[in-house]
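Take a look at the structure set out below.
Just so it is clear, the structure is predicted and the values come from calculations on it, not from any experiment. Ligands are counted one by one from 1 in listed order, and the atoms in each one are counted from 1 as well. FYI, side chains are in, hydrogens and waters are out, and symmetry mates aren't considered; it's all heavy atoms of this structure.
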Amino acid sequence: MSSIANANGVPSEFIVQLEDVHKSFIMGKEAVPALRGVTLNVRRGEILCMMGPSGSGKTTLLNIIGGLDTPSRGHVIVDGENVVSLSEENLARLRLRKMGFVFQNFNLLSNFTALENVQVPMVLLGQRDPRRAKELLKLVGLGDRMTHYPSELSGGQQQRVAIARALANDPPLIIGDEMTGDLDTATSYEVMELIARLNREHGTTIVYVTHDPRMSKFAHRVIHMRDGRLAEEQFVDRATG
Ligand code: ADP
Ligand code: MG
């Protein structure tokens with residue numbers, strides 16, 4: 001695909017470009033195929049939802065986009081950078097600058113306060129900014145919980161801290177794997193509404209996985225995976241307002 005071949009350093013309307021991405025995990029002497037040729041472009045400012053049965057490759061795909069795992073073959077371009085060919089150090093910097101991650105189990109550091117957790121990606125980039133961290137916690141509605149530890153927060157509040165942390169270095173892309181998987185329905189809606197607002201107000205691109213069809217309604221596009229392939233694509237008719 002010429003768009004991929006020319007992508008190095010050239011701004012593209014796509015923040016993520018995947019071409020023929022394969023991934024197999026070696027288990028003993030066997031190769032377990034997780035992705036079997038995924039080609040996918042994600043537009044800047046898009047909210048893309050991935051669905052599909054357990055084991056269909058959703059997490060593997062997110063991890064490859066996020067540089068947390070490498071493909072067995074295929075091309076992965078994120079914001080014009082060829083993720084597969086980056087050195088470990090440059091890949092770490094790309095992740096810290098360009099992507100924020102939100103996981104099902106929040107992954108907060110339990111002995112750090114909310115405010116300290118939000119600053120972790122800043123510290124890793126050598127750019128601590130407590131004022132920005134406070135603003136982000138206010139943005140996610142936790143202005144009055146900054147010095148609380150994760151154990152002192154509800155699941156929904158912990159996920160808000162994780163979202164604030166994902167935004168720490170102002171990345172253009174948020175990657176979410178089952179973000180609302182451990183939350184009750186009302187809290188899930190609150191978290192997804194926050195995500196949708198970040199998209200509307202800041203243009204942040206969102207790529208997220210969910211099992212819950214109700215949570216897929218926040219996306220512009222829903223892709224269903226099956227057996228390591230993209231099986232079906234729907235454009236969501238969002239009644240906004
Ligand atoms: P999903 O997120 O859709 O449930 P995954 O991407 O986690 O699916 O897994 C896809 C396939 O890859 C499954 O068969 C799974 O068992 C396998 N797999 C995922 N991660 C690993 C791993 N680290 N080692 C071995 N097999 C794995
Ligand atoms: Mg998964």
Query - Subset of ligand 1 atoms that lie under 4.0 Å from at least one heavy atom of Ser54 - result: 4 (O)

Report task. Identify the protein heavy atom lying closest to atom 9 (O) of ligand 1, giving its residue, its atom name and the separation to 0.1 Å. Result -> Thr60 OG1, 3.9 Å

Query raised in the report: Gln158 side chain to Asn107 main-chain N or O, any donor-acceptor pair under 3.5 Å?
Result: no

Query raised in the report: Is there a nitrogen or oxygen of Gly55 sitting under 3.5 Å from a nitrogen or oxygen of ligand 1?
Result: yes

Report task. Check whether any side-chain N or O of Tyr208 sits under 3.5 Å from a backbone N or O of Met215 as a donor-acceptor pair, and report yes or no. Result -> yes

Query raised in the report: Taking the non-hydrogen atoms of Pro33, is any one of them nearer than 4.0 angstrom to ligand 1?
Result: no

Query raised in the report: Identify the closest protein heavy atom to atom 3 (O) of ligand 1: which residue and atom is it, and at what distance?
Result: Lys58 NZ, 2.8 Å

Report summary line: For Thr205 and Gly45 the tightest heavy-atom approach is OG1-N, 2.9 Å

**Report entry** Under 3.5 Å: N/O of Gly57 near N/O of ligand 1
**Finding:** yes

Query - No-hydrogen, no-angle side-chain donor-acceptor test under 3.5 Å, Asn41 and Gln17 - result: no

Query raised in the report: Can a donor-acceptor pair be found between the side chains of Thr204 and Asn199 at a distance below 3.5 Å?
Result: no

Query raised in the report: Just to confirm, does any protein heavy atom lie below 4.0 Å from atom 15 (C) of ligand 1?
Result: no

Query raised in the report: Under the 3.5 angstrom rule, does the side chain of Lys58 hit a backbone N or O of Pro53 as a donor-acceptor pair?
Result: yes

Query raised in the report: Hey, is Met27 touching ligand 1 through its side chain, its backbone, both or neither, going by heavy atoms under 4.0 Å?
Result: side chain

Report task. Identify the residue among Thr210, Val209, Ile195 that makes a side-chain contact (heavy atoms from CB on, under 4.5 Å) with Met179. Result -> Ile195

Report task. Would you check whether Gly52 reaches within less than 4.0 Å of ligand 1, judged by its heavy atoms? Result -> no

Query raised in the report: In terms of residue, atom name and distance, what is the protein heavy atom nearest to atom 12 (O) of ligand 1?
Result: Ala34 CB, 3.3 Å

Query raised in the report: Does Arg145 come within less than 4.0 Å of Glu152, counting only side-chain N to carboxylate O?
Result: no

**Report entry** Distance from atom 17 (C) of ligand 1 to nearest protein heavy atom, with residue and atom
**Finding:** Phe25 CD1, 3.9 Å

Requested in this report: Determine yes or no for a side-chain-to-main-chain donor-acceptor pair under 3.5 angstrom, with Ser87 supplying the side chain and Asn90 the backbone.
Outcome: yes

Query - ligand 1 atoms in contact with Pro53 (distance to a heavy atom under 4.0 Å) - result: 3 (O)

Query raised in the report: Of all the non-hydrogen atoms in the protein, which one sits nearest to atom 7 (O) of ligand 1, and at what distance?
Result: Thr59 CB, 3.7 Å

Query raised in the report: Quick check: does Thr59 have an N/O/S atom under 2.8 Å of the Mg ion (ligand 2)?
Result: yes

